[in-house]
Amino acid sequence: MPDTNGAPNSNPKPNPNKPERPPLLKKSKIIADNTLAGQLFPAVRRVSSTSPSSSESHTTSATNDANFGFGDRDYVYPSFLGPHTTRSRVNVKSTSNSQRNQLDLPARSESMPSNLSCEAKVESKMKPKPKLKAEKDLNALSIQVSSSASSALSGSSSANFSNARRPSAHRYSWILLLLKFLCTLSVSHTLYLRNEVSKLQEENISLRRACSHVDLASAGIMELEEVNSLVYFGNADSRTVALYMVVFILVIPFALYKYLDYLPRIIDLLKRKYTIKEEVPLMKRIAYVVDVCFSVYPYAKLLALLFSTLFLIGYGGLALYAVGDGSFIEAIWLSWSFVADSGNHADMVGAGPRVVSVLISSGGMLIFAMMLGLVSDAISEKVDSLRKGKSEVIESNHILVLGWSDKLGSLLKQLAIANKSIGGGVVVVLAERDKEEMEMDIAKLEFDFMGTSVICRSGSPLILADLKKVSVSKARAIIVLASDENADQSDARALRVVLSLTGVREGLRGHVVVEMSDLDNEPLVKLVGGELIETVVAHDVIGRLMIQCALQPGLAQIWEDILGFENAEFYIKRWPQLDGVPFEDVLVSFPEAIPCGVKVAAYGGKIIINPDDRYVLKEGDEVLVIAEDDDTYVPGLLPEVNKGLFPRITDPPKYPERILFCGWRRDIDDMIMVLEALLAPGSELWMFNEVPENDREKKLTDGGLDISGLENIKLVHHVGNAVIRRHLEGLPLETFDSILILADESVEDSIVHSDSRSLATLLLIRDIQSKRLPNKDSRSVPLRHSVFSQSSWIREMQQASDRSIIISEILDSRTRNLVSVSRISDYVLSNELVSMALAMVAEDKQINRVLEELFAEEGNELCIKPAEFYLYDQEEVCFYDIMRRGRQRREIVIGYRIAAAERAVINPAGKSKQRKWSLDDVFVVISSGD
């Protein structure tokens with residue numbers, strides 16, 4: 001009978017016909033059935049025996065080897081060739097005893113090679129007939145493949161024997177398990193011994209009480225001492241436990257560092273599952289988590305240092321307790337003293353306490369060095385954030401400037417002058433530049449800010465966090481500067497900044513002034529920003545101003561005085577005492593100001609410039625004036641004004657003019673439309689630039705200009721370079737009434753290049769004009785030109801300037817000095833004028849309505865009128881009288897310029913003082929334009 005494992009019976013019935021054979025010397029025999037089958041070890045049966053040396057075995061093995069493949073067993077495959085695919089292990093159902101006796105076969109697989117089993121060779125040789133029957137019976141047997149084995153072999157069929165090929169992993173895991181077992185056993189035995197010692201101590205105490213005659217007080221003291229000894233871990237045996245704990249804690253980090261990567265494999269092995277996918281080692285994952293914690297949490301380093309300090313104090317105290325003779329609390333205190341002061345360990349006695357104290361002191365020095373490093377890094381980071389402008393601005397009622405451009409210097413200057421009356425203010429600049437660079441550029445201005453503080457912060461106006469950093473919700477005005485790039489890109493950026501401002505949750509207290517580069521983009525920004533947005537189109541303002549200056553020489557200086565805060569500027573204020581007073585009396589009610597208009601409350605706050613004299617101020621109306629400052633004027637008593645007799649001269653009719661444009665601007669189509677409204681019919685506009693003629697018409701049409709619909713002017717195109725003399729000599733420069741030198745679109749991004757080109761063009765044109773125009777008599781030379789020699793080239797250019805007007809667009813204020821000293825051209829300082837307009841609108845957004853009307857081609861405008869319109873030669877009248885006479889012409893006289901003076905006087909003082917006037921004098925007025 002076979003045994004339970006499917007092996008043949010160890011005591012079979014002897015066969016008399018069969019000769020007795022010697023016993024087989026087997027090396028090993030492993031028999032396994034289905035009872036050992038599991039998830040990792042499928043049911044197998046292997047029998048290894050020595051090969052006999054008889055000749056019969058050779059003949060029989062030849063027959064069996066024919067049906068045997070070397071891939072059927074993995075132990076015949078060389079291990080040094082790597083993993084290989086084996087056939088699935090099969091379980092052969094064991095046959096009955098009768099069948100086994102008939103077949104007389106061992107309980108083995110048929111695929112077993114003949115040279116591995118001596119019994120199979122003998123049986124196959126003596127009974128060949130039953131072998132055929134056995135083969136049929138074996139073919140009929142069912143082969144069952146274990147499902148658990150197939151699931152374990154999903155990745156590779158050789159994975160079932162990976163543990164056998166890698167004994168090192170088993171050895172490491174068993175070493176770790178053995179180490180854990182020994183540690184647990186040691187701790188348990190230590191606790192057991194401690195309990196036994198405690199019991200013996202209690203018995204000793206009870207015996208002493210029974211045997212000795214001591215008083216109860218001494219017994220109580222002894223009990224208290226014993227209880228205290230229990231608090232400090234008992235007697236000397238507790239120090240042994242402490243020593244074991246010290247060693248154990250010391251070994252744990254090294255063991256974890258060495259075997260931490262094997263922990264997931266051991267866990268999988270204990271759970272009887274095996275994963276073949278490649279995972280990140282646990283050590284790397286822990287390092288990654290620590291790195292993330294230090295990067296994300298700002299106080300992680302400080303907490304790690306605190307934990308290290310506490311651990312060192314506790315671990316050092318435990319070690320001192322283990323090697324010393326004091327209590328545990330005393331050991332903790334000594335450990336803290338060694339950590340805090342590394343020199344305290346010098347008084348230690350004994351080898352063990354000295355070694356431990358030196359180690360604790362070394363750790364304390366390391367922690368102290370780490371603490372110094374953290375403190376130094378924190379201070380450096382804070383100083384660096386302050387230096388780079390990353391700190392928050394705690395201000396309110398300040399002016400916020402977003403962006404950086406060449407106009408910032410003049411803008412800060414105007415804002416400082418505006419805040420002079422209140423002792424200075426605060427201006428915050430937020431730009432995408434380094435804070436130190438911005439402060440250095442502002443320091444180069446060499447301008448006294450008169451108490452105004454300029455605070456620079458580095459950041460992007462497109463980020464809400466940076467906007468909150470500069471207290472955007474508490475600013476009384478926000479100025480968005482155009483960037484020094486393409487006009488479309490600059491306006492697109494301004495639009496994004498406005499969107500960011502509208503997204504501030506706290507809301508905006510003040511209004512927003514946006515500098516635009518293209519007039520076509522203005523409606524989109526106003527649509528997004530709503531009522532809080534005030535736009536100043538720089539190119540449009542300068543273009544209209546240049547045209548007005550070309551038609552009226554000297555107007556550029558007047559606009560510079562009115563827009564800047566250095567002289568007189570516009571203010572709007574309500575005066576209740578003037579309610580019910582007509583405007584003709586309001587006009588002469590301010591000794592230190594000149595009323596120009598009224599803000600009518602009944603019309604929703606609409607500003608009416610140059611209203612009718614019969615308009616009576618009502619409750620809620622405000623008065624628009626030109627004054628030195630907002631606190632320098634108050635209404636006074638009505639003065640005695642004598643109109644008297646004055647010439648009734650009407651404005652002369654307009655005559656056709658010839659104007660030359662040198663250069664190409666982006667908004668040149670808008671300038672042409674303004675000229676169409678201002679010039680008389682029959683006028684000519686010559687356009688001289690490098691843009692091809694076909695491209696010009698396309699650009700003008702794309703800008704919205706109907707060339708065929710022009711009635712008053714005719715366009716004349718010439719292609720050439722304005723800085724090449726032979727190109728300019730092909731033009732009739734001596735025949736033009738006005739020449740406008742524009743900052744060309746191709747070089748307007750560089751103010752130095754643009755001004756150099758404009759200055760070179762100016763000098764070439766004046767030189768050509770001086771050669772073509774006849775010389776004038778020196779006796780007709782004005783007094784202001786007499787300082788130059790008759791033979792100098794500047795004198796010749798000045799003579800040419802008396803015949804034609806040249807307006808140069810200057811971007812840099814330093815170039816203005818070159819032009820003004822030579823006096824060969826008028827100029828428009830475009831960047832500075834735009835900065836003045838931005839500062840004025842930032843101080844009071846209502847002024848933007850006034851500027852828009854004065855710059856427009858229709859409605860009221862700023863003009864220069866001759867004195868003959870208001871008085872006779874050498875007539876002696878006061879300025880109030882001239883203002884009254886100007887009202888007869890629907891004009892408001894705001895200033896004058898004496899013939900020999902360099903600059904005009906706006907809002908003169910002493911308006912009631914009598915003085916003589918000459919017909920060579922001129923007056924600055926606001927005219928209705930009818």
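The chain is numbered in sequence order, starting from 1.
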> Please examine the side chains of E809 and M546, heavy atoms only from C-beta on, and report whether any two atoms are closer than 4.5 Å.
yes
> Taking atom CG of L551 and atom CD1 of I864, what is their separation to the nearest 0.5 Å?
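Taking CG in L551 and CD1 in I864, the distance rounds to 11.5 Å.
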> Would you say L862 and L555 make side-chain contact, with heavy atoms under 4.5 Å?
yes
> Between V454 and F449, is a side chain to side chain contact (heavy atoms under 4.5 Å, CB included) present by the stated rule, with each step listed?
CA-CA 9 Å; V454 180; F449 288 100; 4.1 Å; yes
> Kindly indicate whether the side chain of I713, heavy atoms from C-beta on, has any atom under 4.5 Å from the side chain of E684.
no
> Any carboxylate oxygen within less than 4.0 angstrom of a Lys/Arg side-chain nitrogen, looking at R849 and E534?
yes
> Side chain to side chain contact (heavy atoms under 4.5 Å, CB included) with D491: which of M516, R496, E522?
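The residue from M516, R496, E522 that satisfies side chain to side chain contact (heavy atoms under 4.5 Å, CB included) with D491 turns out to be M516.
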> List the atom of A482, the atom of S405, and the distance in Å for their closest heavy-atom pair.
O-CB, 3.5 Å
> Please check this pair: side chain of D518 against backbone of A487, looking for a donor-acceptor N/O pair closer than 3.5 Å.
no
> With under 30° as parallel and over 60° as perpendicular, where do the rings of W686 and F736 fit, or are they tilted in between?
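Geometry flag for F736 against W686: perpendicular rings.
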> Start with the C-alpha gap between E729 and K771, add the side-chain angles, then the distance that decides, and say whether salt bridge (charged side-chain N to carboxylate O under 4.0 Å, His left out) holds.
CA-CA 11 Å; E729 289 177 347; K771 298 295 190 297; over 6 Å; no
> Could K407 and E515 be called an ion pair, given the rule that one side-chain N must be under 4.0 Å from one carboxylate O?
yes
> Among L705, D706, N712, which residue satisfies the side chain to side chain contact (heavy atoms under 4.5 Å, CB included) criterion with E676?
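Among L705, D706, N712, the one meeting side chain to side chain contact (heavy atoms under 4.5 Å, CB included) with E676 is N712.
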> Can you see which heavy atom on A904 is nearest to which on V924, and at what distance?
CB-CG2, 4.3 Å
> Is the backbone N or O of L678 less than 3.5 Å from a side-chain atom of K654, with the two atoms forming a donor-acceptor pair by type?
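Side chain of K654 to backbone of L678, a donor-acceptor pair under 3.5 Å: yes, one is there.
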> Closer than 3.5 angstrom, by distance alone: can the side chain of S738 be matched with the main-chain N or O of A550 as a donor-acceptor pair?
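Present.
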> Rounded to the nearest 0.5 Å, what's the gap from CZ on R493 to CG on L402? Could you check?
8.0 Å
> Just how far is it from atom CG of L660 to atom CE of M687, taken to the nearest 0.5 Å?
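With rounding to 0.5 Å, CG (L660) is 10.0 Å from CE (M687).
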> Begin from the C-alpha positions of D441 and R433 and carry the test salt bridge (charged side-chain N to carboxylate O under 4.0 Å, His left out) through to its verdict.
CA-CA 11 Å; D441 291 343; R433 297 186 61 191; 2.8 Å; yes
> Could you walk me through whether I739 and I807 satisfy the side chain to side chain contact (heavy atoms under 4.5 Å, CB included) test, starting with their C-alpha distance in whole Å, then the side-chain angles of each, then the deciding distance to 0.1 Å, before giving a yes or no?
CA-CA 6 Å; I739 299 176; I807 305 297; over 6 Å; no
> Between S460 and E432, do the side chains contain a donor N or O and an acceptor N or O under 3.5 Å apart?
yes
> Side chains of L740 and I659, heavy atoms from C-beta outward: is any pair under 4.5 Å?
yes
> So which heavy atom on G564 is nearest to which on E569, and how close?
O-OE1, 3.2 Å
> Is the shortest heavy-atom distance from the side chain of V401 to the side chain of V428 under 4.5 Å?
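With C-beta onward as the side chain, the pair stays apart.
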> Under a plain distance cut-off of 3.5 Å, with no hydrogens placed, do R772 and Q769 share a side-chain donor-acceptor pair?
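Checked: Q769/R772 side chains show no N/O donor-acceptor pair below 3.5 Å.
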> Under 3.5 Å, is there a donor-acceptor pair linking the side chains of R890 and N860?
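Their side chains do not contain a donor-acceptor pair, so the 3.5 Å distance test is not met.
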> Is there a side-chain contact between L411 and V834, using heavy atoms and a 4.5 Å cut-off?
no
> Flag the pair S500 / I463 as yes when at least one side-chain heavy-atom distance between them is below 4.5 Å, and no otherwise.
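No, side chains not in contact.
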> Any salt bridge between R897 and D921, counting N to O under 4.0 Å?
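Salt bridge flag = no for D921 with R897.
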> Under 4.0 Å between a side-chain nitrogen and a carboxylate oxygen: does that hold for R757 and E690?
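So R757 pairs with E690 through a salt bridge.
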> Of all heavy-atom pairs between C662 and I765, which one has the smallest distance, and what is that distance?
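For C662 versus I765, the nearest heavy atoms are SG-CD1, 4.1 Å.
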> State the OG-CD1 distance between S758 and I810, to the nearest 0.5 angstrom.
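If I round to the nearest 0.5 Å, the distance is 5.5 Å.
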> How far apart are the C-alpha atoms of R725 and D767, what are their side-chain angles, what is the distance that settles it, and do they pass the salt bridge (charged side-chain N to carboxylate O under 4.0 Å, His left out) test?
CA-CA 10 Å; R725 186 182 183 91; D767 185 56; 2.8 Å; yes
> Could you check whether W559 and F855 have their ring centres less than 6.0 Å apart?
yes
> Where do P656 and D737 come nearest, in terms of heavy atoms and distance?
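Result for this residue pair: O-OD2, 4.5 Å.
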> Do H511 side-chain atoms and V841 backbone N/O form a donor-acceptor pair below 3.5 Å?
yes
> Cut-off 3.5 Å, side chains only: do T735 and R658 have a donor facing an acceptor?
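There is such a pair (donor and acceptor under 3.5 Å, judged by atom type) between the side chains of T735 and R658.
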> Would you please test I926 and E891 for side chain to side chain contact (heavy atoms under 4.5 Å, CB included) and show each step?
CA-CA 6 Å; I926 296 178; E891 298 171 350; over 6 Å; no
> Taking NZ, NE, NH1 and NH2 as the nitrogens, is one of them in D667 or R544 under 4.0 Å from a carboxylate oxygen of the other?
no
> Using a distance-only test with no angle check, is there a side-chain donor-acceptor pair under 3.5 angstrom linking S683 and E657?
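The answer is no; no qualifying pair exists.
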> Check whether E560 reaches the backbone of L833 with its side chain - one donor and one acceptor, N or O, closer than 3.5 Å.
no
> Please report the C-alpha distance between K865 and S927 in whole Å, then the side-chain angles of each, then the deciding distance to 0.1 Å, and finally whether the side chain to side chain contact (heavy atoms under 4.5 Å, CB included) criterion is met.
CA-CA 10 Å; K865 296 296 180 70; S927 176; 4.3 Å; yes
> Look up atom CG in D669 and atom CZ in R696, then write down how far apart they are to the nearest 0.5 Å.
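Between atom CG of D669 and atom CZ of R696 there are 14.0 Å.
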> Looking only at non-hydrogen atoms, find the nearest pair between R665 and A743 and report the distance.
CG-O, 3.9 Å
> Working to the nearest 0.5 angstrom, can you tell me the gap between N689 CG and L742 CG?
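Nearest 0.5 Å value for the CG-CG distance: 9.0 Å.
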> Would you call Q557 and R903 a side-chain contact if the rule is heavy atoms closer than 4.5 Å?
yes
> Does the pair K699/D695 count as a salt bridge with the N-to-O cut at 4.0 Å?
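Salt bridge: no.
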> Measure from the side-chain N and O atoms of D920 to the backbone N and O of A899, and report whether any donor-acceptor pair falls under 3.5 Å.
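Here the side-chain-to-backbone pair does not exist.
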